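Since this is a predicted model, take the numbers as computed values, not measurements.
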Amino acid sequence: MAAKKNRRSQSSGRIRHTIHTAHVPISKREAFYALENPQAAKAFAKFIGYFLFVLIVVNAIVVFFSAQPGLDPVTSSVIDIFFTFSTVCFALEYVARIWIADLAYGNCTPTQARIRYITSPLGVVDLLAFLPSMIAWFVPMGQTLRTVINLVRLVRVIKISRYMRGLRTIGRVLVMRKHEIAAAFMVIMLLILISSVLMYEAEHDAQPDKFSSLFTGMYWAVTTITGTGYGDLVPITPLGRFIGSIIMLLAVAVVAIPGGIFSAGFVAEYQNANVRKIERKLNKSNKNTAPNDQAESDDQDEDPDQHDE
């Protein structure tokens, strides 16, 4: 009798595919679940998955404290040891993700899947999480290089987005509404450019020390349009004040456009998630009547990383 196929869907919010676990070695399958869905993994793989999550969180905390000046030598040594340990762990994770890429991107050939992971945004983040620190082991570190590495370590915080449903939802909204968002920000940039030129021309003669260039006018435009209003640059001429008033009124409408787009995107995303949840329940109810006892789940957005056993 043919081996029973256990089909599981894993999409990371953007890919839909099926895993035939009957043809996947146990070690590779558990590595996949450890990195992509610890809830479906066995004990050891589950421990590895949650350990990586905790390691990312602790790295975010340690990166913050390591930036504080005046650390004593013992604390600095402990932090260096922790960063070394984290670098090794993230390097092993990167290699493992390349290994399981053909499962994570099931619609591609193994080579295409690995290239797709390596060139993906999260793949680049995974690489930057360990490579600069590892290079520093073999290159003499000056103050500049140390500062760069400390800044690059902040990239490790982005890795936590894999485990947070809210961040994945934001990413999906950005992808779905990218054209509208780009158009909205283009309008804002045009308003900034036009208002900076107008304000520079209106205030340069009256305040040559403050409105000394178009870049100063652009700074005023950004702080005014975004509602920050530091007050360090203000128009004093009647024309400048008139232009500033018009710009502020326009900014109220223009800056609200991206917020409306994001709100509509989130509403649509959660509505789609509710529909997918209903579909999953229907699939489960039909599971026992399926010829091969197949269970197929949709994208992991409403209940991330849910897999039918």
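Note on Trp137: it clusters hydrophobically with Leu127, by side-chain heavy-atom contacts below 4.5 Å among ILVMFWY residues. The hydrophobic clustering, which links ILVMFWY residues whose side-chain heavy atoms are closer than 4.5 Å, places Leu198 and Leu239 together. Clustering ILVMFWY residues whenever any of their side-chain heavy atoms sit less than 4.5 angstrom apart, transitively, puts Val88 in the very cluster that holds Ile79.
Scanning both residues, Leu128 and Val152, for their nearest heavy atoms gives O-CG1, 3.5 Å. Taking each heavy atom of Phe130 and Ala91 in turn, the nearest pair found is CD1-CB, 3.6 Å. Closest heavy-atom contact between Thr216 and Lys210: CG2-O, 2.6 Å. Heavy atoms only, all atoms of each residue included: Pro258 and Val254 are closest at CD-O, 3.4 Å. When every heavy atom of Phe211 is checked against every heavy atom of Met199, the shortest pair comes out as CE2-CG, 3.5 Å. Here the shortest heavy-atom pairing between Ala45 and Ala34 reads O-CB, 3.2 Å.
Rounded to the nearest 0.5 angstrom, Thr223 OG1 and Asp232 CG are separated by 6.5 Å. Once rounded to the nearest 0.5 Å, the distance linking CD1 of Ile225 with CD1 of Ile247 reads 6.0 Å. How far CD1 of Ile98 is from CG of Asp126: 9.0 Å, rounded to the nearest 0.5 Å. Interatomic distance, CD of Glu36 versus CD1 of Ile100, reported as 5.0 Å (0.5 Å rounding). Interatomic distance, CH2 of Trp220 versus CD1 of Ile192, reported as 11.0 Å (0.5 Å rounding).
Partner of Asn59 under the side-chain contact (heavy atoms from CB on, under 4.5 Å) criterion, out of Val62, Ile56, Leu55: Leu55 alone.
Listed for the Glu30 side chain is no donor-acceptor partner under 3.5 Å among the backbone atoms of Ala41. Although no hydrogens or angles enter the test, the distance criterion places no donor-acceptor pair under 3.5 Å between the side chain of Gln112 and the main chain of Tyr105. Side-chain atoms of Arg114 never come within 3.5 Å of backbone atoms of Ala101 as a donor-acceptor pair (strictly under, hydrogens ignored). Gln207 places no side-chain N or O within 3.5 Å of a backbone atom of Pro235 that could act as its donor or acceptor partner. Of the possible polar contacts, one joining the Ser196 side chain to the Leu193 backbone as a donor-acceptor pair under 3.5 Å is found.
A salt bridge does not link Asp102 to Arg116: none of the charged side-chain nitrogens sits closer than 4.0 Å to a carboxylate oxygen.
Looking only at atom types and distance, the side chain of Asp72 has a donor-acceptor partner in the side chain of Thr75 under 3.5 Å away. Side-chain N/O atoms of Arg156 and Thr87 include a donor and acceptor closer than 3.5 Å. For the 3.5 Å distance criterion, the side chains of Thr226 and Thr228 qualify, holding a donor opposite an acceptor.
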Taking only distance into account, with no hydrogens and no angle test, what donor-acceptor pairs under 3.5 Å do side-chain atoms of residues 176-189 form with protein atoms, sequence neighbours excluded?
none

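Within the 6.0 Å centre-distance limit, the rings of Tyr94 and Tyr117 are counted as a close aromatic pair.
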Dump the intermediate steps for side chain to side chain contact (heavy atoms under 4.5 Å, CB included) on Ser27 and Phe32, then the final yes or no.
-> CA-CA 9 Å; Ser27 58; Phe32 171 80; over 6 Å; no
